[in-house]
Amino acid sequence: MVERKVVSIVGAGNVGEHVASLLLLKGLVDVRLFDIPRQTEDKVFEPVKGKALDMKQMVAAMDIDSKVDGFTVSPEGEGYEPIVNSDIVVITAGFPRRPGMSREDLLETNVKILSTIISKVRHYSPDAILIVVTNPVDIMTYAAYRLSGFPQNRVIGMAGVLDSARFKTFIAEELRVSPKDIHAYVIGGHGDEMVPLISMSNVGGIPLKDLIPKDRLHELIERTRFGGGEIVNLMGTSAYYAPAAAVVDMVEALVTNSRRILPCSVYLDGEAGEYYGVKGFCVGVPVKLGSDGVEEIIKVPMIEEERQMWERSVESVKKSIEVAEVFLGG
Ligand code: APR
């Protein structure tokens, strides 16, 4: 029997369940899903078990022998025993902002949820690599880094791969080329102030700025910045296909030790932090992903205009980090 790495996913909502099904369809890993029960007036549902059973039958139908199981956990942290010995733990658990809730309230709620999950991961899978998806992702990645005590190479936030995929989609449509031949990185905080690295972006080796007029490029960048919002406006809920695919891209790089360069939110300090002007928090930069997690932080050259955008982006992440520190007790 093939020994596959184990990817546990905590939070089997829209993003988590799509991560699971994409991973299973690739037959790369075994998957364990964790989520809380759903209580209605007269019944307690366990959707995570139902989803896992459905996926088990999906892989059987497709002649894939990756394993999948679902486990109901309590918000207080009961039921996490099966997360034991996971190689990677993907965290999407959390709640979206509800009417009347401030950003700070949301942050406090999601940091509390994260804290319970991390304490269980530390206990049962102390060597796992964490991939944080819950928003605001740079802040939640920082919180996961602080709460886990894991080394910085094993705590990775998903944002840049998604933002870059969105940017590539719009460029591909504009130029009528395959997204495969587009190299375009989006770095910085995952928010309105993300930084597209135009000076480095190219299509089949030709600089992007030579292919798309400046004004039009600006429109594509704006569409990328508000790419998440555009989907929320259409669907009434946040995106999940592309976010899930971005997580899968990262997981694949880790489990195949492919050493791909992908933009991810990571804890920056030391020499790389100095290069990026970040001391002790998480922001998106290109990194090399292999079996040890983040194997290298790439110091990407930026032209003056990009540097300025970068500094604005970092400043806005830093402000939110200061708010989060209150909940992290530091
Ligand atoms: N323990 C485990 N799971 C939890 C807990 C908890 N304490 N609290 C909430 N969850 C689960 C919810 O039950 C839900 O199934 O987290 C899941 C979140 O899924 P969705 O609400 O469907 O959200 P989704 O669209 O998947 O987004 C997840 O990713 O992209 C980000 O902004 C997005 O922060 C959000 C996250």
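Read the numbers this way: they start at 1 and go in the same order the structure lists the ligands and their atoms.
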Identify which of Thr116, Thr134, Ile113 has a heavy atom lying nearest to atom 7 (N) of ligand 1.
Ile113
Filtering Asn14, Val137, Val73, Asn135 for the heavy atom nearest atom 33 (C) of ligand 1 leaves Asn135
Quick look: Phe95 vs ligand 1, heavy-atom contacts under 4.0 Å, and the answer is side chain
Check ion pair Glu81-Lys120 (N to O, under 4.0 angstrom):
no
Give the atom numbers and elements of ligand 1 that come within less than 4.0 Å of a heavy atom of Gly13.
15 (O), 17 (C), 19 (O), 22 (O), 26 (O)
Relative to each other, are the rings of Tyr240 and His18 parallel, tilted or perpendicular (30° and 60° limits)?
tilted
For the residue pair Asn110 / Thr134, report whether a side-chain donor-acceptor contact shorter than 3.5 Å exists.
no
Between Lys288 and Glu295 (salt bridge meaning N to carboxylate O under 4.0 Å), is one present in this structure?
no
Can you confirm whether some protein heavy atom lies under 4.0 Å from atom 13 (O) of ligand 1, or whether none does?
yes
Would you indicate which of Val48, Ile36, Thr72 comes nearest to atom 1 (N) of ligand 1 when only heavy atoms are counted?
Ile36
Once you restrict to heavy atoms under 4.0 Å, what part of Ala93 touches ligand 1? Side chain, backbone, both or neither.
both
Specify the protein heavy atom at minimum distance from atom 31 (C) of ligand 1: its residue, its atom name, and the distance to 0.1 Å.
Val133 O, 3.5 Å
Heavy-atom contacts with Thr92 under 4.0 Å: which atoms of ligand 1 show up? List them by number with element.
18 (C), 28 (C), 36 (C)
Considering distance alone, does some N or O of Asp35 sit under 3.5 Å from an N or O of ligand 1?
yes
May I ask you to say whether Asp69 pairs ionically with Lys56, meaning some side-chain N is under 4.0 Å from a carboxylate O?
yes
Do you see a donor-acceptor pair shorter than 3.5 Å between the side chains of Ser199 and Glu306?
yes
Ring-face cation of Lys43 near Phe45 (centre distance under 6.0 Å, axis angle within 45°)
yes
At less than 4.0 angstrom from any non-hydrogen atom of Ser238, what atoms of ligand 1 do you find?
25 (O)
Min over Val15, Leu106, Val247 of heavy-atom distance to atom 27 (O) of ligand 1 lands on Val15
4.0 Å heavy-atom contact, Gly94 with ligand 1
yes
If you measure from the Lys or Arg side-chain nitrogens to the Asp or Glu carboxylate oxygens, is any gap between Asp163 and Arg225 under 4.0 Å?
no
Taking only Lys NZ, Arg NE, NH1 and NH2, and the carboxylate oxygens of Asp or Glu, determine whether Arg122 and Asp127 approach each other closer than 4.0 Å.
no
